[in-house]
Amino acid sequence: MKRLTLALIGLLIAGTLQAAPLKIVATSTSMGALVREVAGPRAELTILASPDRDLHQLQAKPSMMRALRGADLVVAIGAELEVGWLPVAIGSAANPRIQSGQPGYFEAAAQVDLLDVGGPADRALGDVHPVGNPHLDLDPVRMSTVASALAERLAQLDPAGADAYRRAAAAFAERVGQRVAQWRTQLDGAPGVVLYHRDAIYLLQRFGVPLLGTIEAVPGVPPTGRQLSELVATLKGRDGVILFAPYQSPQAPTKLAGDLGWRAERLSLEPPLSADGDGYLNHIGRWVDVIAGAR
């Protein structure tokens, strides 16, 4: 009877351990949306940056280090987007599970091909990323690929949930395919976009929307009056829309819009803090609606 009791207790403990959610830290809300979609209730999620923050410019904080200290997995965008603060935060957290190269460290950029690869590694030329443009999260097809890779990493960390992770990633991929087909039709013939920074080029390339220019002639450096005048001269008489992020100054986009007779729209690069897969797709849908409306 005693041995039977001990065996039952052991089974209960094992079941409890297996049921404990993975502690996952995502650097951004787009990565958090994938975690929610793929891991569901098997994850306890912490997101380090709200959607209105510039991931280039964050600083490591004690709250980040506390979250990372107990994490089983870090999900980052990568391609040096978080290079100014994430390595510092991970190093200070002193958690061997989430060091680069370990199963507990996952980068979305490592799962897909990147645009703008091979630029000069010279910060004097502005905010450059020689390993490639890191803003892949605005491409739903690449995000679907990332979700599948994330499912495999989660399966490695939690084999009991492998089937659930893979099913969730496959279901997300199916929904992405359906929405992408609709968006292609909606964006067919869209006149083009001026971006503040080259942060939405993945979305534009995916749907064949022309990039008409960037307000920042040098990445990360505010434009001069002369640069804006040159952009106006290039685009005068054409149709398009000007898009900029919440943390980018509205002054130059507003002036450019007035000079061209266009609309200037502030759009978040990241989905809402609570977004899951559907929330992410709705976020992309908002971008599509604004670009399509420039006709």
Closest non-hydrogen atom pair between L115 and Y202, with its separation
N-OH, 2.9 Å

Taking the side chain as every heavy atom from C-beta outward, state whether V241 and W262 have any pair of such atoms under 4.5 Å apart.
no

Is the shortest side-chain heavy-atom distance between R198 and L211 below 4.5 Å?
yes

Do the side chains of V88 and L55 join up, straight or via other hydrophobic residues, at under 4.5 Å, putting them in one cluster?
no

Under the 3.5 angstrom rule, does the side chain of N95 hit a backbone N or O of L68 as a donor-acceptor pair?
yes

With a 4.5 Å limit on heavy-atom distance, are the side chains of R286 and E265 in contact?
yes

Residue pair V194 / L260, side-chain heavy-atom distance below 4.5 Å:
no

Heavy-atom donor-acceptor pair, W85 side chain to K61 backbone, under 3.5 Å
no

With sequence neighbours left out, what residues match A162 under side-chain contact (heavy atoms from CB on, under 4.5 Å)?
A155, R166

Does any N or O in the side chain of Q156 come within less than 3.5 Å of the main-chain N or O of E152, such that one atom is a donor and the other an acceptor?
no

Give a yes or no on whether the backbone of A245 and the side-chain of Q248 come within a donor-acceptor separation of less than 3.5 Å.
yes

Side-chain touch L154/I24, heavy atoms, less than 4.5 angstrom:
yes

Pair T29, E270: side-chain N/O donor-acceptor within cut-off below 3.5 Å
yes

ILVMFWY cluster, I215 and L204 together (side-chain gap under 4.5 Å):
no

Checking side-chain polar atoms at under 3.5 Å, does D199 have a donor or acceptor matched by the opposite partner on H197?
no

Checking the side chain of S144 only, and the main-chain atoms of P140 only, is there a donor and an acceptor separated by less than 3.5 Å?
no

How far apart are the closest heavy atoms of L269 and Y247, and which atoms are they?
CD1-OH, 3.0 Å

Picking from L195, L212, L256, L235, what satisfies side chain to side chain contact (heavy atoms under 4.5 Å, CB included) with I242?
L256

Indicate yes or no for a side-chain donor-acceptor contact from R184 to the backbone of R206 under 3.5 Å, with no hydrogens or angles considered.
yes

Using every non-hydrogen atom in the two residues, find where A94 and P96 come nearest and quote the distance to one decimal.
O-CD, 3.6 Å

Does the E37 side chain pair with the main chain of D276, one donor and one acceptor, at a distance under 3.5 Å?
no

Please check: side-chain N/O of R263 versus main-chain N/O of A257, any donor-acceptor pairing under 3.5 Å?
no

Connected via hydrophobic side-chain network under 4.5 Å: L81 and V117:
yes

Shortest non-hydrogen separation from D137 to Y280 and the atoms involved:
O-OH, 2.7 Å

Heavy-atom donor-acceptor pair, Y196 side chain to P253 backbone, under 3.5 Å
no

All N/O donor-acceptor pairs, side-chain side in residues 71-78, below 3.5 Å, sequence neighbours left out:
from : atom 1 : to  : atom 2 : distance (Å)
D72  : OD2    : K23 : N      : 2.8

Students often mix this up, so state it plainly: with edges at 30° and 60°, are the rings of H283 and W287 parallel, tilted or perpendicular?
perpendicular

Evaluate the side-chain proximity of V25 to I98: yes if any heavy-atom separation is below 4.5 Å, no if none is.
no

Decide whether L243 and L231 are clustered together by the hydrophobic rule: side chain heavy atoms of Ile, Leu, Val, Met, Phe, Trp, Tyr closer than 4.5 Å, transitively.
no

Run the salt bridge (Lys or Arg N to Asp or Glu O under 4.0 Å) test on R142 and D113 for me, step by step, so that the C-alpha distance in whole Å, both residues' side-chain angles and the decisive distance to 0.1 Å come before the verdict.
CA-CA 8 Å; R142 282 180 171 85; D113 62 300; 3.1 Å; yes

State whether the number of non-hydrogen atoms from other residues, nucleotides or ligands found under 6.0 Å of Q102 atom CD is greater than 12.
yes

Heavy-atom side-chain proximity of M31 to M143 below 4.5 angstrom
yes

Any idea which heavy atoms bring P41 and P21 closest together, and the distance?
O-CB, 4.0 Å

How close do A67 and T46 get, heavy atom to heavy atom, and via which atoms?
CB-CG2, 3.9 Å

Test item: I291 and Q186 side chains (from C-beta on) under 4.5 Å apart, heavy atoms
no

